[in-house]
Every structure is written in structure tokens, then in C-alpha cells.
Amino acid sequence: MSPTTPARLTVLISGSGTNLAALITAQPTLSSTHPTSIVRVISNRKAAYGLTRASDAGIPSAYHNLASYKKRLTPESAAREAYDADLASLVLADSPDLVVCAGFMHILSPAFLRPLEEAGVRIINLHPALRGEFNGAHAIERAHAAFMAGEIQRTGVMIHYVISEVDMGEPILQVAIPLSHPDDDNIAVLEDRIHDVEHEAIVEGTRLAIEALWAAREGQNTAPSS
Ligand SMILES: Nc1nc2c(c(=O)[nH]1)N[C@@H](CN(C=O)c1ccc(C(=O)N[C@@H](CCC(=O)O)C(=O)O)cc1)CN2
Ligand SMILES: NCC(=O)N[C@@H]1O[C@H](COP(=O)([O-])[O-])[C@@H](O)[C@H]1O
């Protein structure tokens with residue numbers, strides 16, 4: 001892969017796509033050495049406004065629907081395994097270098113993770129909390145509740161590599177967000193603060209992941225520990 005080879009990104013979303021929008025805006029500057037392009041946006045939710053953002057930006061998109069698998073296959077574990085295997089095929093068809101989970105609200109099973117690892121495609125995720133804290137869905141709401149209960153005085157945002165254990169992959173970057181009363185008593189205020197940090201962190205984290213990927217491919221040891 002020569003230094004001029006573009007870095008190809010696939011972005012997985014489930015919602016409004018404000019983090020996708022940050023990546024689209026930053027596309028020309030995502031890597032100082034490798035022209036980067038978002039080759040596809042895939043959502044697990046049909047109503048995700050991020051699909052509109054992708055279309056408006058001229059980026060190919062797809063809706064990958066779990067419900068249709070659940071109707072055809074039982075138990076649910078079989079449906080999820082088939083869904084994830086087909087999602088991997090859908091992603092790999094575009095030959096991406098990196099997959100970015102930008103508010104992707106689906107736990108990825110080995111049926112997805114294994115084919116991508118075998119293809120050398122790394123996956124990163126935006127977690128709206130710090131490492132080891134509030135893993136899983138609804139992290140912001142849980143952090144706010146912990147703050148209001150006096151259990152924490154700060155939360156944060158992390159960009160990390162994706163492994164099977166949810167939100168426990170190697171961190172790429174973390175940004176701490178100090179919390180204070182009374183401003184952050186209002187969860188909407190806190191969410192806005194966290195989202196602002198997310199939009200910067202997802203761009204910087206993606207940039208770092210691209211640089212690490214090229215360094216690894218050029219023989220330097222920056223491969224993430226699994
Ligand atoms: N194997 C992994 N999959 C995912 C990771 C990861 O690190 N490893 N990161 C998540 C993103 N995420 C939090 O950052 C997250 C998203 C969704 C869920 C979750 O519980 N999803 C439920 C459905 C919830 C819903 O539809 O509202 C589910 O999949 O059953 C947990 C964590 C992306 N995936
Ligand atoms: N577990 C991951 C997670 O909960 N991510 C959350 O999804 C939102 C997506 O927003 P967006 O669709 O506007 O980018 C993000 O704000 C983030 O807090």
C-alpha cells in the first residue's frame with residue numbers, strides 16, 4: 001500500500017449522524033499523509049438521519065435490518081449470527097481499511113469481528129464515557145445519574161479499538177470531562193457538552209487509527225493488542 005493510497009473508511013451508525021457529519025467535514029484533513037474517503041455508511045436503523053447525511057454528501061449507504069433476520073431465524077442468537085456474518089460481507093465488499101462505529105447501537109459478535117480481523121480491517125468505536133465506565137448503551141444517562149448521586153465528578157469520551165468485550169478494546173484516545181453543579185444537573189446541558197467533545201474526539205481518534213494502520217502496514221509495531 002503506497003503512501004498515496006487513499007484510506008477507505010466505512011462508518012456504522014444508528015442515529016442522527018452528528019459524529020458522521022464531523023467525519024465527513026474532516027474528510028479532507030483526516031490524514032496528513034493518506035487521502036481519506038468514506039466509502040459507505042451503514043445503519044441498523046432505517047430512520048437514522050445519518051443515512052440522509054450520507055446521501056447529501058454523495059456517500060453510498062445501506063440499511064442492514066436485524067428484524068428481518070429475527071423473523072426468519074430462531075433462536076435470536078442464530079439471527080444475530082447470520083445478521084453479523086452478512087454485515088461483515090457487506091462491509092468487506094467495499095474493501096475498507098477501517099470501520100468506524102459512530103453511535104452504532106448493536107453489539108458486534110465474532111461472526112462480524114472474525115472476518116474483518118482475517119481481512120486486516122480494524123474497527124474503532126466512540127464510547128461516550130471513559131475506559132471501563134458505563135460500558136454499553138445509555139452511557140451518558142448512566143454517567144449523569146452517577147454524578148447526581150455524588151459517585152463521580154467527571155466523565156469523558158473514549159475512542160477505542162473494538163473487540164468482543166463491549167467497550168473494553170485498547171483505547172486510542174480519552175478526553176475527560178469535569179462535571180459541576182448546577183450546570184451539569186441538567187442532563188441536556190451535559191449531553192450537549194459530551195456531544196461537542198465526541199465530535200472532536202471521533203475525528204482525532206480516526207486520524208490516529210489511520211496513521212497507526214499505515215505504520216503497522218509499513219512494518220512498524222503499532223498493532224493493537226487484542
Ligand atoms: N463487540 C463489540 N460490539 C460493539 C462495541 C464493542 O466495543 N464491542 N461497541 C459498541 C458501541 N456501544 C457503546 O459504545 C454499544 C452499543 C449498543 C449496545 C447494546 O446494548 N445494544 C443492544 C441493542 C440496544 C438498542 O437497540 O437500543 C444489542 O445489541 O442488543 C451496547 C454497546 C458497538 N458494538
Ligand atoms: N454506545 C455508543 C453510544 O451510545 N453512542 C452515542 O450515540 C450517539 C450517536 O450520535 P450521532 O448519531 O449524532 O453521531 C453519540 O452521541 C453517542 O453518545
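Indexing begins at 1, ligand by ligand and atom by atom, following the structure's order. Keep in mind that the numbers below use all heavy atoms, side chains included, and drop hydrogens, waters and symmetry copies.
Comparing Arg45, Met105, Met158, Arg80 against atom 29 (O) of ligand 1, the shortest heavy-atom distance belongs to Arg80. Residue Ile107 holds the heavy atom nearest to atom 20 (O) of ligand 1 of all those in Ile124, Ile107, Ile163, Val166. One option in Ser14, Gly17, Cys101 has a heavy atom closer to atom 12 (O) of ligand 2 than any other, and that option is Gly17.
Under 4.0 Å from ligand 1, not a single heavy atom of Asn135 appears. If you look at Ser16 next to ligand 2, the close heavy atoms, those under 4.0 Å, come from the backbone and the side chain alike. Contacts with ligand 2 closer than 4.0 Å are made by no heavy atom of Ile194, backbone or side chain. Counting heavy atoms closer than 4.0 Å to ligand 1, residue Asp167 contributes atoms from both its backbone and its side chain. Here Met168 has no heavy atoms under 4.0 Å from ligand 1, in either its backbone or its side chain. With a 4.0 Å heavy-atom cut-off, ligand 1 is reached by no atom of Cys101.
Where the criterion is an N or O separation shorter than 3.5 Å, residue side chain and backbone included, His138 fails it with respect to ligand 2. Distances between N or O atoms of Thr18 and those of ligand 2 include at least one value under 3.5 Å. At least one N or O atom of Asn19 sits closer than 3.5 Å to an N or O atom of ligand 2. Here's the thing with Leu108: one of its N/O atoms is less than 3.5 angstrom from an N/O atom of ligand 1.
Side chain of Arg80 to backbone of Leu66: no donor-acceptor contact under 3.5 angstrom is found. Of the possible donor and acceptor atoms, none in the side chain of Arg122 sits under 3.5 Å from a partner among the backbone N and O of Val99.
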For Asn44 and His64, run side-chain hydrogen bond (donor to acceptor under 3.5 Å, both in side chains): C-alpha distance rounded to whole Å, both residues' side-chain angles, the deciding distance at 0.1 Å, then the answer. CA-CA 5 Å; Asn44 67 332; His64 193 50; over 6 Å; no
Checking Arg53 against Thr18 for the side-chain hydrogen bond (donor to acceptor under 3.5 Å, both in side chains) test, could you report, in this order, the C-alpha distance in whole Å, the side-chain angles of both residues, the deciding distance, and whether it holds? CA-CA 9 Å; Arg53 296 183 198 268; Thr18 61; 5.7 Å; no
Residue pair Thr10, Asp94: steps toward the side-chain hydrogen bond (donor to acceptor under 3.5 Å, both in side chains) verdict: CA-CA 8 Å; Thr10 294; Asp94 292 317; 4.7 Å; no
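Counting atoms of ligand 2 from 1 in the listed order, those under 4.0 Å from a heavy atom of Ile140 are 18 (O). Atoms of ligand 1 found under 4.0 Å from any heavy atom of His127 (numbered from 1 in listed order, with element): 14 (O). Close approach of ligand 1 to Phe104 is summarised as follows: ligand atoms under 4.0 Å from at least one heavy atom of the residue are 11 (C), 16 (C), 33 (C). Interface atoms of ligand 2 facing Glu198, defined by a heavy-atom separation under 4.0 Å, are 15 (C), 16 (O), 17 (C), 18 (O). With ligand atoms numbered from 1 in the order given, ligand 2 contributes 12 (O) to contacts under 4.0 Å with heavy atoms of Gly15. When each atom of ligand 1 is checked for a heavy atom of Leu126 under 4.0 Å away, the hits are 14 (O). Proximity to Leu126 (heavy-atom distance under 4.0 Å) selects the following atoms of ligand 2: 2 (C). Residue His160 approaches ligand 1 through these ligand atoms, each under 4.0 Å from one of its heavy atoms: 7 (O). Taking every non-hydrogen atom of Val162 and a distance limit under 4.0 Å, the qualifying atoms of ligand 1 come out as 2 (C), 6 (C), 8 (N).
Among protein heavy atoms, atom 4 (O) of ligand 2 sits closest to Met105 SD, 3.7 Å. From the protein, the heavy atom lying nearest to atom 34 (N) of ligand 1 is His106 O, 2.8 Å. Scanning all protein heavy atoms for the shortest distance to atom 8 (C) of ligand 2 gives Gly103 CA, 4.2 Å. In terms of protein heavy atoms, atom 11 (C) of ligand 1 is closest to Asn125 OD1, 3.4 Å. Distance from atom 1 (N) of ligand 2 to its nearest protein heavy atom, with residue and atom name: Gly136 O, 3.8 Å.
Atom CD of Glu141 has more than 12 neighbouring heavy atoms from other residues, nucleotides or ligands inside a 6.0 Å radius. In this structure, Glu191 places its CD atom where more than 12 heavy-atom neighbours from other residues, nucleotides or ligands lie under 6.0 Å away.
Under the 6.0 Å cut-off for aromatic ring centres, His144 and Phe134 do not qualify, their centroids lying 6.0 Å or more apart.
Every pair passing ring-ring contact (aromatic ring centres under 6.0 Å, His included) that includes a residue from residues 168-192 is listed here, sequence neighbours excluded: Phe147-His181.
His195 counts as a contact of ligand 2, since one of its heavy atoms falls under 4.0 Å from the ligand. Ligand 1 lies out of reach of Gly169, whose nearest heavy atom is not under 4.0 Å from it.
Atoms CD1 and CG, on Ile172 and Leu208 in that order, are 7.0 Å from each other to the nearest 0.5 Å. Taking CG of Leu116 as the start and CG of Leu87 as the end, the distance is 8.0 Å to the nearest 0.5 Å.
Contact record, Val11 with Ala102: CG1-CB, 3.9 Å, taken as the closest heavy-atom pair.
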